[in-house]
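Notes follow the structure.
Predicted, not measured: the structure shown is a model, and the values here were computed from it. All ligand and atom numbering here is 1-based and tracks the order in the structure.
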Amino acid sequence: MSEEILRFLREHRSISKTNNLWKFNDSIHFRPLNESLHICSENLEDHRQFLQDKPRSDYGQLPVIYFVTPTYPRREQIPELTRLAHTLLHIPRLHWLVADDQEKCNNFIDTLLNRFGIPFTHLMSPMPSKFRNEKPAPRGVANRRAALQYLRQHNLTNGVLYFGDDDNTYDLQLFSEIRNTQRVSMFPVGLIADYGVSGPVVRKGKVVAFLDSWVAGRRWPVDMAGFAVNLEYMAQYPYVNMPYKPGYEEDLFLRSIGLKMDMIEPRGNNCTDILVWHTQTKSKKLGMIRLESKYLDDRSNLGALLLNLKLMGVASTTENEGRNALISKNGKEKPHSIILS
Ligand code: UDP
Ligand code: MN
């Protein structure tokens, strides 16, 4: 057991240990995170010269925002990351932790991330196989756990942590609002479930309750995108965790860092503005294009184009499956041999 945990236990007597699990006064079980960390690539230099019309140096010593993005391979992955990157490009003093839910490092993503010039770490963090076929599966949990482990291992105790999924929509104002989080800040998220919103109820500048259409016993019924955490505050909790429990990730994470109602800092004009949206992308199956491989050479652009689409996980080219590649000219379909030979 680490010194850190022992110290914590001494200070918090309401905790007991059973079967290697830590039991807290709210009867939730936690164990310290113990993820193996796999970094695919990392570039911590900021290559951007101007941000929001000001030179980078103007932002000086602002606290760093650690923006944790779980992502996973599917047709929409590269477009989602591209769209998100173009939001983050405007944000100074940001470290983007991109954690990919797959077994191998995707080099295409490294190239993409390097191109933006935003300081980033690309982690590989596959969902443990035993959860893969569960319905619902714990989506993005292995990824966020890996990012928490990264922050831990690198002793990053300055700045602010925010969990930003790859498919949400972020207002630039959000980043100014969360940057000075003292412990935990909260704000409403648009487009959540039945009400189209989830967020704190605020009275006289204090969070007193929550509006969310799914309570299910959650003490903190908030969306993953609806809060930010100060890292110095989080560092006091050695058992910080996000259990693999679909629907309860936010609640259990916030419990694991000892959140109390009166600590919550409401943001976004006392939780009246929507600065983040839970947009979702319709997911479609991989495209399939039938085209003989002899035409995938450099006689035309198609070889390189279709290879790119394959690397991005958007479409695959096959010899004998899927729809025949329709190639037309002057409104008429043409045989491949005529255009490509
Ligand atoms: N995600 C993941 N692995 C999965 C499914 C999702 O890493 O198998 C990521 C996804 O890229 C997103 C987050 O986890 O950043 C939440 O997933 P999703 O957006 O599908 O969930 P929802 O919008 O329904 O909350
Ligand atoms: Mn989503």
Side-chain angles (χ1 to χ4, degrees), residues 35 37-38 40 66-88 96-106 108-109 112-113 120-150 161-171 174 188-199 212-214 216 218 220-228 242-254 274-286 312-314:
E35 307 291 298
L37 202 59
H38 192 106
C40 297
Y66 293 87
F67 193 96
V68 170
T69 300
T71 185
Y72 71 111
R74 79 268 196 211
R75 217 166 89 128
E76 298 77 13
Q77 183 176 35
I78 300 300
E80 296 289 28
L81 291 174
T82 303
R83 189 157 55 105
L84 176 52
H86 285 88
T87 298
L88 300 184
W96 194 11
L97 295 159
V98 180
D100 198 5
D101 178 358
Q102 66 166 317
E103 305 284 341
K104 53 183 190 342
C105 290
N106 178 340
F108 194 93
I109 290 182
L112 189 75
L113 294 176
F120 75 89
T121 303
H122 175 199
L123 300 165
M124 183 196 80
S125 52
M127 184 188 296
S129 53
K130 61 179 169 191
F131 299 124
R132 270 276 171 231
N133 297 321
E134 279 183 10
K135 288 222 161 42
R139 303 163 79 78
V141 177
N143 328 39
R144 297 189 197 98
R145 289 166 67 96
L148 288 171
Q149 185 81 10
Y150 176 95
L161 163 65
Y162 181 74
F163 293 114
D165 288 355
D166 59 2
D167 56 339
N168 292 338
T169 305
Y170 306 93
D171 191 302
L174 172 74
V189 180
L191 296 180
I192 297 280
D194 292 351
Y195 302 156
V197 70
S198 159
D212 187 289
S213 60
W214 187 67
R218 293 185 299 163
W220 311 115
V222 294
D223 185 69
M224 197 61 81
F227 61 89
M242 186 175 292
Y244 288 100
K245 192 167 178 200
Y248 291 84
E249 295 94 338
E250 298 89 348
D251 186 35
L252 295 174
F253 169 78
L254 290 168
I274 302 280
L275 300 175
V276 51
W277 302 89
H278 185 245
T279 39
Q280 289 177 300
T281 312
K282 244 202 161 71
S283 193
K284 279 200 170 183
K285 279 219 305 268
L286 223 67
M312 293 189 277
V314 176

Could you tell me the residue and atom name of the protein heavy atom closest to atom 15 (O) of ligand 1, and the distance to it rounded to 0.1 Å?
Pro70 O, 2.6 Å

Atoms in ligand 1 with a heavy atom of Asp167 nearer than 4.0 Å
19 (O), 23 (O)

Atoms of ligand 1 close to Asp166 [distance to a heavy atom under 4.0 angstrom, numbered from 1]:
10 (C), 11 (O), 12 (C), 15 (O)

Taking all heavy atoms of Gly313 and all of Leu286, pick out the closest pair and write down the distance.
O-CD1, 3.0 Å

Atoms of ligand 1, numbered as shown, that sit under 4.0 Å from any heavy atom of Met127
8 (O)

Compare every heavy atom of Glu35 with every heavy atom of Tyr244, then report the nearest pair and how far apart it is.
OH-OE1, 4.0 Å

Given side-chain contact (heavy atoms from CB on, under 4.5 Å), test Leu113 with Thr121 step by step and report yes or no.
CA-CA 9 Å; Leu113 294 176; Thr121 303; over 6 Å; no

Side chain to side chain contact (heavy atoms under 4.5 Å, CB included) partner of Val68, chosen from Val98, Leu123, Leu148, Leu161:
Leu161

Of all protein heavy atoms, the one nearest atom 16 (C) of ligand 1 is Asp165 OD2, 3.3 Å

Where's the contact between Glu80 and ligand 1, heavy-atom distance under 4.0 Å: side chain, backbone, both or neither?
neither

Please list, in number order, the atoms of ligand 1 under 4.0 Å from a heavy atom of His278.
22 (P), 23 (O), 25 (O)

What class does the angle between the rings of Tyr162 and Phe67 fall in, given that below 30° is parallel, 30 to 60° is tilted and above 60° is perpendicular?
tilted

Tell me which N, O or S atom of Asp167 sits nearest to the Mn ion (ligand 2).
OD2

Shortest non-hydrogen separation from Met127 to Pro138 and the atoms involved
CE-O, 3.4 Å

I need the atoms of ligand 1 closer than 4.0 Å to a non-hydrogen atom of Asn143, numbered in the order shown.
7 (O)

N/O/S from Asp165 sitting under 2.8 Å away from the Mn ion (ligand 2):
no

Ligand 1 versus Asp101, non-hydrogen atoms closer than 4.0 Å: side chain, backbone, both, neither?
side chain

Between the main-chain N or O of Arg132 and the side-chain N or O of Glu134, is there a donor-acceptor pair closer than 3.5 Å?
no

Specify the protein heavy atom at minimum distance from atom 14 (O) of ligand 1: its residue, its atom name, and the distance to 0.1 Å.
Gly140 CA, 3.4 Å

Less than 4.0 angstrom from a charged side-chain N to a carboxylate O is my criterion; do Arg139 and Asp165 meet it?
no

Of the options Asp166, Asp101, Asp167, which is the one that meets Arg74 in a salt bridge (charged side-chain N to carboxylate O under 4.0 Å, His left out)?
Asp166

Look at the side chain of Arg218 and the backbone N and O of Tyr248, then say whether any donor-acceptor pair between them is shorter than 3.5 Å.
no

Per-atom contacts, ligand 1 versus Gln280 - under 4.0 Å to a heavy atom:
22 (P), 23 (O), 24 (O)

Which residue supplies the protein heavy atom nearest to atom 1 (N) of ligand 1, what is that atom called, and how far is it?
Tyr72 CD2, 3.3 Å

Tell me, which protein residue and heavy-atom name are nearest atom 17 (O) of ligand 1, and how many Å apart are they?
Arg139 NE, 3.7 Å

